[in-house]
Structures are given as C-alpha cells and as structure tokens.
Amino acid sequence: MTPGARVAAAIEVLDAIDAGQPAEKALTRWARASRFAGSKDRAAIRDHVFDVLRHWRSDAARGGADSGRARMIGRLRDQGIDPDTLFDGRGYAPAPLSDLERERSKPLDPQGVAWDLPDWLVPIFENSLGDDAEQTARALTGRAPVTLRVNMSKSSVADAQLALKEDGIETIANPRAATALTVIEGARRVRHALAYINGLVEIQDASSQAAVAGLGTPGKALDICAGGGGKALAMAARGWSVTASDVDASRMSDLPARAARGGHDIKICPSGGLASSPPFDLVFVDAPCSGSGTWRRAPDAKWALTQDRLDDLTRIQSEILAQAAALVVPGGTLLYATCSVLREENEEQVQNFVDGAADFSIDATQRWAVDEWGDGFFATHLTRAG
C-alpha cells in the first residue's frame, strides 16, 4: 500500500470508530476485509488510527471538522506534514483537499480541546494533579513506551539485554525499576524473541514493576484482581508464594502458560473460594479503574469514560477493598493500586477505606507520572494491626 492508501484506510477505520465501533474491533474488521494489506501496512494504519484517537478533539479542530478525513488532515498538520502530499487522489489515496479544507481550522479551545480531554474531566484532572494536570494530559497524547521486566529468577539484566539484542531488539535500562528495560528498537519482535519465549523477560510497564519492587520480605501473597497476571508473575519472580484470583476467571486464561514460561508455581483460586482461604501476608488489589494513567495505550477508553461509569468504578473499588481486607493476616499488608491518575480512585478511595476500617493504617503512598519511562500509577501500602 502507498502512504496515501494507508491514510485512506485509517480514515475508513476512524469513521467506523466515530460511528460507535470499538477501536480494536474496527481495525480487525478492516483487516479481515482487506487481505491485500501486509503486516507493515496494518501496523502503519494502526499507528495512524491510535495517533488520532490520542488527539481526537485537537485533530478535529486542526482539520476543521469531526470526520475521520478532517481528523487525519489535522493529525498530519500537527506532525508538520503537508496534507496535500498524501491527499492527492492517486490510486487509493484520499481525494485532494478542497480550498475550504486547506483554509479550515479551528482554535484549540476550550481547554478540553487543547488537552484532548472530555470537558467534564478537565476540572477532575486539575483537582487530582494540580500543577501537573496539563503536563499529564498532554503526556497522554503521546505513544507509550514498550517496557520489559527481566525475570531475575532466570536471568540478569545484562544477560537479558544480550539475548534480546541477538534477535534485533535494543533496550536501555529504565530508571523506574531495577528489573525494567525500555525497548528502543525492534518492539514488534519481542513476542518472537527467544528471551521472551524462554521466560527471561515479560512485557510489563515499569510503574507496575516499581510497585511490586516496593514490597517487603516475601511471604504468602494473593493477587486478588490478577487479570493477565503480570503482577503475580513479578511477585513470584521476587520469591513470593502467589495465589492469583479474579472475578472473571477468563482473564487469567493465559496465566498458567506465562507462569510455566517464567518457571513459576502460581496457584489459581476462583473468586468464590477466597472466603475459605487462609489469610495472606500480602493482598495485592490492582483495582478495576478508569485506566486514566494508561490512556496512551487505550485512547478510546478516555472518550468512553463517563461520570456515571467513574461512580460505578469507585463503588466497585470500595467493595473489593472491603473483601480484600478480610483476607490479610494481622500485621500483614493490603496494597491498593490503580493505573489511574484521579484522586477519586486513589487518595480519596484509600481515605474512605481507612475511615471505616479501624484496624488498617496507611504506611506509604506513591504516585508514578505518565512520562517516557512508564504509565501513570498509584499505590498505597496499608498495614493491618497485629
């Protein structure tokens, strides 16, 4: 496909998203209907689509309208690319720009347009992040780093880097965690690399790694919202005896294979069986949340979030905290974490919990920023009275 044809395909996908299709579904449908597209074509189209999704409002303003075509024009303008070089009507490229399209653009106003946020979220960002609100909002419009966790039970960081390099994957040390490597070249090769296949590395954001690295002496741990199991694997690699559970067991379907690859023995417990489990030294609650710290990776989630959904999430978080607290041994730790940057899901949620749980106290709290090293993340260590 020519560069212009890739832009035309991206416009088609963007229009499908604007009509209500989830981004991944729209991309998959396009790919299935377009067997002529090679892997590089699909990757380039995906990049176009996700770049626009991250700049959904500002690109519409730059392009002067809310259509996929206008947003793609706006994206090219922001990248310093003359749209006329790709909108030339040749082959399968988009039709040339009209005189009106060449002249049409709107100011990046109001604030939500400039920050690429829904208007209702702007004051919540300001309340949650203070002077860092604008910087965080703008950081969420960039591409997220690809970060690996070195499995220290199988490899050193240096040996893992050498093994990755043999498969054309260049990495640098990530300062957020001692086990973290940021991929600077060859990111799409990672899942086929021997270092990955043999369990020397796993894909995991550095902020999540840092949260696990902050845990105390290994003991018996429960990952109560395990999902794909990234944190369970990271804890196991640090010597914890880990049980993983999730209310949606299907989310953990890949965990046994991942644990075997990493050389870990992780017990999986159905959520219904937790009440009869003996208490744990550590219960890790990576709670369902808005994912606002990870919107670079799933930008359509930013536009799907509503106040009602945020209210639902905070209620669910509160319920999970109450369930998890009962599973912590006296003197043990309850770690509450989210990949959110919003106070409602973080500090306020923790304070509400402590206000109603006299036997728990806040031991330490940390936020990690959205930046070139990792996602936005929040973690609080709560200690149960002995």
Side-chain angles (χ1 to χ4, degrees), residues 204-205 207-216 218-236 238 240-249 251-252 255 266-275 277-294 310 312-357 359-368 375-384:
Q204 186 179 22
D205 183 70
S207 300
S208 295
Q209 294 185 49
V212 173
L215 300 175
K220 185 179 178 183
L222 169 66
D223 185 356
I224 198 172
C225 302
K231 294 174 189 66
L233 293 167
M235 286 189 286
R238 299 182 72 86
W240 288 85
S241 174
V242 181
T243 297
S245 185
D246 198 286
V247 68
D248 182 0
R251 298 181 65 211
M252 299 187 292
L255 182 51
I266 294 177
K267 179 183 177 182
I268 294 178
C269 179
S271 59
L274 289 176
S277 297
F280 296 85
D281 301 307
L282 166 72
V283 178
F284 198 125
V285 180
D286 184 9
C289 68
S290 64
S292 50
T294 65
L310 182 57
D312 285 342
L313 286 166
T314 57
R315 174 184 53 79
I316 292 167
Q317 291 156 5
S318 178
E319 292 172 354
I320 293 173
L321 268 171
Q323 178 192 10
L327 300 171
V328 180
V329 299
T333 299
L334 173 61
L335 193 150
Y336 175 78
T338 74
C339 54
S340 172
V341 300
L342 308 182
R343 286 188 61 86
E344 287 89 337
E345 300 181 278
N346 296 333
E347 290 90 350
E348 291 179 14
Q349 187 67 260
V350 170
Q351 192 59 54
N352 289 338
F353 168 75
V354 171
D355 288 345
D359 55 340
F360 279 89
S361 59
I362 299 172
D363 184 43
T365 295
Q366 188 166 359
R367 275 181 177 259
W368 289 270
D375 293 336
F377 203 80
F378 171 89
T380 288
H381 293 233
L382 299 143
T383 301
R384 186 171 193 174

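Everything numeric in this text was worked out from a predicted model, so none of it was measured.
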Checklist entry - Can you check side chain to side chain donor-acceptor pair (under 3.5 Å) on S340 and S292, steps first, answer last? => result CA-CA 5 Å; S340 172; S292 50; 3.1 Å; yes
Checklist entry - Do D363 and T333 have side-chain N/O donor and acceptor atoms under 3.5 Å apart? => result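 On atom types as modelled, these side chains do not qualify, holding no pair under 3.5 Å.
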Item to check | Candidate pair D355 and Q351, rule side chain to side chain donor-acceptor pair (under 3.5 Å), full reasoning | outcome: CA-CA 6 Å; D355 288 345; Q351 192 59 54; 2.9 Å; yes
Checklist entry - Which residue pairs pass the salt bridge (Lys or Arg N to Asp or Glu O under 4.0 Å) test with at least one member in residues 325-335, sequence neighbours excluded? => result none
Closest non-hydrogen atom pair, [X] against [Y]:
X: L335; Y: A379; result: CD2-CB, 4.2 Å
X: C289; Y: L313; result: C-CD1, 3.6 Å
X: L342; Y: R367; result: C-NH2, 4.1 Å
X: G228; Y: L255; result: O-CD1, 4.0 Å
X: V328; Y: L334; result: CG2-CB, 4.1 Å
X: C269; Y: S245; result: O-OG, 2.8 Å

Item to check | Donor-acceptor contact present, side-chain T383 to main-chain S361, <3.5 Å | outcome: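 No, T383 side chain to S361 backbone: no donor-acceptor pair under 3.5 Å.
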Checklist entry - Is D246 salt-bridged to R251, going by a charged N under 4.0 Å from an acidic O? => result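 So D246 pairs with R251 through a salt bridge.
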Checklist entry - Does a side-chain N-to-carboxylate-O contact under 4.0 Å join R384 and D359? => result yes
Item to check | Chi angles and distances behind the side chain to side chain contact (heavy atoms under 4.5 Å, CB included) call for D286, T338 | outcome: CA-CA 6 Å; D286 184 9; T338 74; 5.5 Å; no
Item to check | Full working for side chain to side chain contact (heavy atoms under 4.5 Å, CB included) between I362 and V350 | outcome: CA-CA 8 Å; I362 299 172; V350 170; 3.7 Å; yes
Checklist entry - Going by heavy atoms in the side chains, are I268 and T243 under 4.5 Å from each other? => result no
Item to check | pair L382-F353: side-chain heavy atoms closer than 4.5 Å | outcome: yes
Could you tell me the separation between the [atom1] atom of [X] and the [atom2] atom of [Y], rounded to the nearest 0.5 Å?
X: L282; Y: K220; atom1: CG; atom2: NZ; result: 12.0 Å
X: L274; Y: F280; atom1: CG; atom2: CZ; result: 6.5 Å
X: D248; Y: S271; atom1: CG; atom2: OG; result: 9.0 Å

Next on the checklist: Set out, in order, the CA-CA distance, both residues' side-chain angles and the distance that settles side chain to side chain contact (heavy atoms under 4.5 Å, CB included) for M235 and F284, then state yes or no.
Outcome noted: CA-CA 10 Å; M235 286 189 286; F284 198 125; 4.0 Å; yes
Residues 315-326 side chain polar contacts: donor-acceptor under 3.5 Å, at least two apart:
from: R315; atom 1: NH1; to: E319; atom 2: OE2; distance (Å): 3.3
from: Q317; atom 1: OE1; to: Y336; atom 2: OH; distance (Å): 3.4
from: Q317; atom 1: OE1; to: Q349; atom 2: NE2; distance (Å): 3.0
from: Q317; atom 1: NE2; to: P288; atom 2: O; distance (Å): 2.9
from: Q317; atom 1: NE2; to: E345; atom 2: OE2; distance (Å): 3.0

Donor-acceptor contacts, no H, no angles, side chain residues 207-216, under 3.5 Å, sequence neighbours left out:
from: S207; atom 1: OG; to: R176; atom 2: NH1; distance (Å): 2.9
from: S207; atom 1: OG; to: D205; atom 2: OD2; distance (Å): 3.3
from: S207; atom 1: OG; to: D375; atom 2: O; distance (Å): 2.7
from: Q209; atom 1: OE1; to: T179; atom 2: OG1; distance (Å): 2.6
from: Q209; atom 1: OE1; to: A180; atom 2: N; distance (Å): 3.4
from: Q209; atom 1: NE2; to: L148; atom 2: O; distance (Å): 3.1
from: Q209; atom 1: NE2; to: Q204; atom 2: O; distance (Å): 2.9

